Amino acid sequence: MTDNAGEGKRDRAIPGQPDMWVLVLFEALVFTAYFAVYLYHRSADSELFLRSQAQLRPLFGTLDTLLLLTSSLFMLRCAQTARAGAHRTAMTSAYITAFLGVAFLISKITEWIMLVRGGHGFSSNDFFMYYFFLTGIHLLHLLIGFIAIGVIVYQLRGPARRSQELVETCAVYWHTVDLLWVLIFSLLYVVR
Amino acid sequence: MSWRNNSKRELWLAWYSMIAFYNIFVIVFFVLTHAQPPPYPYWSDAQVVFWFSHNRGGLLTGFAIMFALAGLTLPANALIAYSIRRMSVSRAFAYSYLVIYSLAALPGMLLLCVVLSVGAMRPDRDPVLIHWLYDFAFLSYVGTMGIFLIGSLVWMLAILLDKNRVLPKWFGYLNLCNALTEVVVSPAWIFHRGVLDWNGLISWWLNMVVFGIYTSAFIMLLRNMIQREDFGDGPLPTHQLAGTAR
């Protein structure tokens, strides 16, 4: 009876530490402000933004989005299997998530190099300033995400220190990084 | 309980010093010297010279106050180091934080005060040199946030590893948000105009909002920590201890 009550209480709880959701909401607000500033300037000089946007390769943006969405899927699988007690499977999912994150990192840096070689650097014009700023600050979040995956693996490796709450906390962070990318992708690559 | 017998009086002294410092900081930087929000980075030599001459009185008065009272940052930093020492983590965190934030006062505040004071006190110098001082002051002030970034990360790590519940975990994560905004100011070195220059909408205004929330949060949390302090070495009591309020 007590166990069921406890489980019921746990089912209602949000995943991970509630404290992590402060970071999620705060970062969401900060990025919303970035996006609002971007859209305001875009509307002020839409011709320049459209012309510059045409220099981006949509293939990179689409590939990056697929990589991160798939990584989020494996992160979800990691949290679910860890909850079910299948820690080895969870660890494999965490490694695949990290691998997809590295693939995203390589793809993004490759795109940056190609753009810079094509004469489109950070200070080329307002669009590329926003492009490098938003993708750069997002990449920094991704790098922190690797630390979060490291924490998950560390938790899962030691039977004595396994904390489902910490695994889910780190998973929430990874999903946030994914969500932010989807919004950045939409604004920089898709919105016309 | 009288102030004389209050075992927490040193902690309260440090906390009130912190309050005093931030109030003086706002008055000096925002009201007297007009160094905050920073003036425009794209001004011509003539405009910069005019800014110095127009603000001369405020610059000299404000920074004279700042030079006299900059030491108030020390008890504030010490109180934060105390919060880390009260945690269940290695003392190395507190020592690292203390050293980093003691050094941070130089690029983060004093260099600007010295350089702008020089500009205000030597109005007869070549406008090109005055403009150089202006650039030096604001780039050193806005653009050297790396040292604060590391300090925030040290505090964050200590809070997240702590088992004594000295400060809430959400504030640990808020440290990460603050640290990330320190990165956002770095493009100020590249841009003279726009949202990422040294008084840009993103690099200064938005960051100032985040910094304001962060600072208000830790001031209130440190107050709460002092109220809960039992001078033990285990977990901090959840509620304020009876008979130890101010």
Side-chain angles (χ1 to χ4, degrees), chain A residues 14 16-42 44-45 48 121-134 136-145 147-148 151 154 161 163 165-166 169-170 172-173 176-177 180, chain B residues 41-42 145-146 149-150 152-153 156-157 159-163 165-197 199-218 220-221:
Chain A
I14 55 169
Q17 295 171 346
D19 309 77
M20 171 52 85
W21 289 87
V22 172
L23 181 139
V24 172
L25 290 174
F26 202 85
E27 284 299 285
L29 285 174
V30 170
F31 270 83
T32 302
Y34 294 160
F35 298 153
V37 173
Y38 167 78
L39 288 171
Y40 175 77
H41 280 108
R42 187 192 162 89
D45 197 354
L48 170 81
F122 191 19
S123 53
S124 295
N125 64 34
D126 277 359
F127 174 81
F128 283 106
M129 178 191 74
Y130 282 109
Y131 168 83
F132 280 101
F133 169 70
L134 288 172
I137 197 76
H138 176 264
L139 206 69
L140 193 61
H141 283 73
L142 183 91
L143 294 177
I144 297 165
I147 297 172
V151 171
Y154 178 76
R161 60 174 172 257
S163 160
E165 188 186 55
L166 264 183
T169 301
C170 295
V172 166
Y173 179 82
T176 306
V177 173
L180 291 176
Chain B
Y42 54 79
M145 294 294 176
L149 183 149
I150 300 297
S152 289
L153 292 182
M156 176 200 80
L157 206 54
I159 294 167
L160 295 183
L161 293 173
D162 173 43
K163 291 181 168 45
R165 301 190 300 263
V166 175
L167 294 171
K169 302 288 182 213
W170 65 260
F171 180 68
Y173 295 122
L174 195 62
N175 267 280
L176 182 61
C177 298
N178 183 59
L180 285 166
T181 61
E182 308 291 7
V183 179
V184 172
V185 298
S186 52
W189 289 89
I190 300 171
F191 295 100
H192 282 213
R193 287 174 187 274
V195 295
L196 296 179
D197 69 19
N199 75 346
L201 194 54
I202 288 178
S203 60
W204 193 84
W205 291 91
L206 190 57
N207 278 359
M208 188 49 81
V209 172
V210 174
F211 180 72
I213 294 170
Y214 173 72
T215 305
S216 308
F218 78 65
M220 296 315 293
L221 289 171

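These numbers come from the heavy atoms of this one structure, side chains and all, not from hydrogens, waters or symmetry mates. In what follows, chains carry the letters A, B, and so on, assigned in the order in which the sequence lines appear, proteins first and then strands, with residues in each chain numbered from 1. Quantities reported herein were computed from a predicted structural model and do not represent experimental measurements.
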For chain A, which of B:Thr181, B:Val209, B:Val183, B:Val210 has the most heavy-atom pairs under 4.5 Å? B:Val210
Can you confirm whether or not the ring centre of [X] sits under 6.0 Å from the ring centre of [Y]?
X        : Y        : result
A:Tyr38  : A:Tyr34  : no
B:Phe191 : A:Phe122 : yes
B:Tyr214 : B:Phe171 : yes

Check the pair A:Phe31 / A:His141 against ring pair (Phe, Tyr, Trp, His ring centres under 6.0 Å), numbers first and verdict last. CA-CA 12 Å; A:Phe31 270 83; A:His141 283 73; 5.3 Å; yes
Flag the one option from A:Met129, A:Gln17, A:His41 with the top tally of heavy-atom pairs under 4.5 Å to chain B. A:Met129
Heavy-atom distance under 4.5 Å to chain B: side chain of A:Tyr130, backbone, both or neither? side chain
Which bit of A:Ile144 is near chain B, if near means a heavy-atom gap under 4.5 Å: side chain, backbone, both or neither? side chain
Can you tell which part of B:Ile213 gets under 4.5 Å to a heavy atom of chain A, answering side chain, backbone, both or neither? side chain
Does the side chain of A:Val30 reach to within under 4.5 Å of the side chain of B:Cys177, using non-hydrogen atoms? no
